[in-house]
Amino acid sequence: MTRSRANDSRRLWPFYLAVFAMPILGGGNFPWLAEAHTASLVWQVLVLLVWTSTTVQRPVGFRDLFAHRPLWPFYLFSLWLVALVPFSQVIDASVKTSLVWVGAMLLAQTALQLRLDEKERTRTLIVYFAAVVFCAVYGIYQGLWGMPALKSLEGLSADDLKLLAEVQRPFSFFPGANVFGGVLVSLMPIAVLLFLAGGRLRTRVALGAGVALVVTALLFSYSRGAWAVCLVGLFPVALAAAGHRKRRRVILAFAALFALAYVFFLGLQFEADPSRDQLAQSVIDRFYALGHKSDASVKARLGYWATGLAMGHAHFPFGAGPGTFAELSRLHQTLPNYTRSPHNVLIQLYAETGPIGLMLFFWLLVSAAREAWRRRDGDASPWALRLIAVAALLALLHGLIDIDFESPAVIGAFFLFTALLWTPALPQAIRKGRASDPTVRTLAATAFIVLFFVGRFLPFLGGRYYDLSLAAEETGAREKARAFTADSLAVWPYNPAAHYRQSRFLIDDYQGSKDSAALARARAEVERAIALSPGNPEYRLGLADVIAMAGDRQAALDALRAAAQLYPTSVYYRYELARGLALAGNLSHAVYELNDVLRYEQAYLDHKNPNGIDLIYARFLRAAILNDQKQYGEAIDEYGRIIRLCQDSGLILNAYTSQRPSHTTCEQIVQQAKDYIGRVETDRKASDSRGQPQPAPPMNIPLQAPALPDSAPGETGQVPPPAHSDDGDAH
């Protein structure tokens, strides 16, 4: 079988399709499909089909891929992630995360099995480049006209608008602006490679237009981490291109394109909408803000890294399981703002997969670097090999300071670049496999299909039933919502949010019938949710509700304490504990809990935590207790603090992003606090005229904070830390 016949375009187009879909469907936030996880699932199904077809049909010895020792860490690392799933602290999250990594590995293995030659390798990179340019165009659209939150806000100050430039940043198809920026940065060495490989003028013009769009989108991302990695990457890119006869022209061309893109970026900012002129922030402005007191990016990252290391130490030596950082990190965090990622892929691997997983990943990196170094002079285009290695390096560097290695697009690109370091010069020649090879290939493909179906499709289907339950309840169809929840659990019984939701339905039954059996079943369901997701404090609040209905007040307080201990820096959960203590009559302990958590107030404000609004409800409760204890002067001070909190532009602005509360509600809170102060002052004057003190009239204080969702959209159905969260993208 000849080379050209083995790898003709008709056999490679499914592989090219998977590569093109990687940054779009694998980005995790595809707006034209029902949900982010749907897009990720579609991409993984496509990769699985391409890999299965290649593995079963390709007449290459399957064992040859394992005979080459440098490839061992490539497979062992992925297998280790899958092996950890049964021992994970949160199985549902680990199943999804491990299969994301496996899907990326399968795409890379497809490239290895195809044994692409130099021309096919370049064509693969062109396909990937075109896909990222498409993402960049959509990102620019978002930066100019596609962010609806910007259009609906009125009466905001210049500082509010400037903050919006950080919070409401373009992210294209990706789950966040930093992930988007990381993908764009890793494309730069690939763009240089294609410039050097391109021959025709029209090809270079098309590439130049693509680079200008990518750089413009990179500027729109407002990702300082991506900008810094891009600047750092200029040196290794120039070094990798050294020796090529076109390098000088390419360097000049890229300098011109970067300058053009920057002018284009500023011009588009001001031309889109004159009312948004304050949103324009130059690169210098963004980096200058790092040293400003109001910018907590550096301090926040140090806190994230410390949290990840503490989590790794607590779950030594095997880690807590892939994908568990988002939930379990709250136990170890030292700052009030939550993050779903430690902003460092190595620390995250240590926390989730232990030192063994981290060492396997290092082995993979060292093996790839050795392969690139060994072939530095033997490859037909050594500069191309070096640039591919730099692309993988920049993706890794960005993952050391930003949220990155969670998106299938980032993991897939990293594994693909790493695999291309081995192609086209695998050590074995193409030959027909042994008699047992077809059987081995078929068994391997079948095993992965079964694993994928059980671990990816069933959670996905259960998640869709769960979403139908939410939609039915929003329309008032309570019984349909209940039936869909039961269907969700029948398909995938490992969804903790579905169990928690089932418990809420059973509580409704109990409240209507006072049937103790329904209350017992409700408790069993919420305890099942806690067993499946032990790090989620919201389920502990639900358990406290059930126990309180059974009449065991002390056990209910213990459940509230457990929730507060799971997230000790959260104002919300400490507030709920304080509220429970106050209702139980233990006012002194309630004040202690409030005073203790309000120590983090300034940190909430400094970090512009979107859930800093919880501070208002905590202070409302504290003021209510002070009023009950007839400490009217301190109560007035507390309401004055509430007014200042509501008037803080950053807090009001972040109330928009979390949709709790609306601007009108903030105004109502201010008016309520002013009314209370006015009544106290009036009563004081009256008491002075009568010569005796008069207590202030009690105020209708909202002792119950706004209800958090008992569910979260998503494939796993897990409730994110209602989050009282800030995933760091605003930094």
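- Tyr465 OH: 12 or fewer foreign heavy atoms inside a 6.0 Å radius.
- In this structure, CG on Leu41 lies 11.0 Å from CG on Leu46, to the nearest 0.5 angstrom.
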Return a table of donor-acceptor pairs under 3.5 angstrom between the side chains of residues 482-489 and protein atoms on other chains or two or more places apart.
from   : atom 1 : to     : atom 2 : distance (Å)
Arg482 : NH1    : Asp509 : OD1    : 2.8
Arg482 : NH1    : Asp509 : OD2    : 2.9
Arg482 : NH2    : Asp509 : OD2    : 2.3
Thr485 : OG1    : Ser469 : OG     : 2.7
Thr485 : OG1    : Ala481 : O      : 3.0
Ser488 : OG     : Gly462 : O      : 2.8

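- Ser223 and Asn178 make their closest contact through OG-OD1, 3.0 Å (heavy atoms, listed as atom of the first residue, atom of the second, distance).
- Between Tyr539 and Tyr500, the distance from one ring center to the other falls under 6.0 angstrom.
- Counting heavy atoms of neighbouring residues, nucleotides and ligands inside a 6.0 Å radius, atom CZ of Arg521 does not exceed 12 of them.
- Heavy atoms from other residues, nucleotides or ligands lying under 6.0 Å from CZ of Arg641 number more than 12.
- In this structure, Phe171 and Val179 have side chains that are not in contact, with every pair of non-hydrogen atoms separated by 4.5 Å or more.
- Taking the six-membered ring for Trp and the full ring otherwise, Tyr141 and Tyr138 have centroids separated by under 6.0 Å.
- Salt bridge present: Glu527 and Arg523 bring a charged side-chain N and a carboxylate O closer than 4.0 Å.
- In this structure, the separation between CG on Leu519 and CD on Gln511 is 9.5 Å, given to the nearest 0.5 Å.
- Ring planes of Trp101 and Phe405: parallel class, angle under 30° (limits at 30 and 60°).
- With Thr475 contributing its side chain and Ala472 its backbone, the two residues share a donor-acceptor pair below 3.5 Å.
- Between the side chain of Glu525 and the main chain of Gln502, no donor-acceptor pair closer than 3.5 Å is present.
- Put simply, the side chain of Glu327 gets close to the backbone of Gly535: a donor and an acceptor are under 3.5 Å apart.
- In terms of modelled atom types and a separation under 3.5 Å, the side chain of Ser570 and the main chain of Tyr567 share no donor-acceptor contact.
- Nearest approach of Cys135 to Phe173, heavy atoms of both residues: SG-CD1, 3.5 Å.
- Between Phe220 and Phe180, the distance separating the two ring centers is not shorter than 6.0 angstrom.
- Taking every heavy atom of both residues into account, Val47 and Gly103 meet most closely at CG1-O, 3.3 Å.
- No side-chain donor-acceptor contact under 3.5 Å links His499 to the backbone of Tyr494.
- Closest approach of Ala497 to Tyr466, counting heavy atoms only: CB-OH, 3.4 Å.
- A distance of 6.0 Å separates CG of Asp402 from NE2 of His343, quoted to the nearest 0.5 Å.
- The backbone N or O of Ser172 sits less than 3.5 Å from a side-chain atom of Gln142, completing a donor-acceptor pair.
- With contacts defined as side-chain heavy-atom distances shorter than 4.5 Å, the pair Tyr573/Leu541 qualifies.
- Using a 4.5 Å heavy-atom cutoff, the side chains of Leu532 and Ile91 are not in contact.
- Put simply, CZ on Arg540 and CD1 on Ile547 are 10.0 Å apart, with the number rounded to the nearest 0.5 Å.
- Using a 4.5 Å cut-off on side-chain heavy atoms (C-beta onward), Gln44 and Val102 make no contact.
- Taking each heavy atom of Val95 and Ser98 in turn, the nearest pair found is O-OG, 3.1 Å.
- For residues 528-537, the set of pairs meeting the salt bridge (Lys or Arg N to Asp or Glu O under 4.0 Å) definition, not counting sequence neighbours, is empty.
- At least one side-chain heavy atom of Met311 sits less than 4.5 Å from a side-chain heavy atom of Phe325.
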Verdict with supporting geometry, Glu538 and Tyr572, side-chain contact (heavy atoms from CB on, under 4.5 Å): CA-CA 10 Å; Glu538 183 66 14; Tyr572 175 77; 4.0 Å; yes
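- Using a 4.5 Å heavy-atom cutoff, the side chains of Thr324 and Ser88 are in contact.
- When atom types are taken as modelled, the side chain of Ser407 and the backbone of Gly26 share a donor-acceptor pair closer than 3.5 angstrom.
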Run the numbers on Tyr575 and Leu621 for side-chain contact (heavy atoms from CB on, under 4.5 Å), then give the verdict. CA-CA 8 Å; Tyr575 161 83; Leu621 178 58; 3.8 Å; yes
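- Using a distance-only test at 3.5 Å, with no hydrogens or angles considered, a donor-acceptor pair links the side chain of Arg574 to the main chain of Pro568.
- The structure places CZ of Arg561 at 5.5 Å from CG of Leu557, a figure rounded to the nearest 0.5 Å.
- One distance of note links CD1 of Ile507 with CE of Met549; it measures 4.5 Å at 0.5 Å rounding.
- With hydrogens and angles ignored, the 3.5 Å screen pairs no side-chain donor or acceptor of Thr97 with any backbone N or O of Ser94.
- Nearest heavy atoms, Pro408 versus Trp43: CB-CZ3, 3.8 Å.
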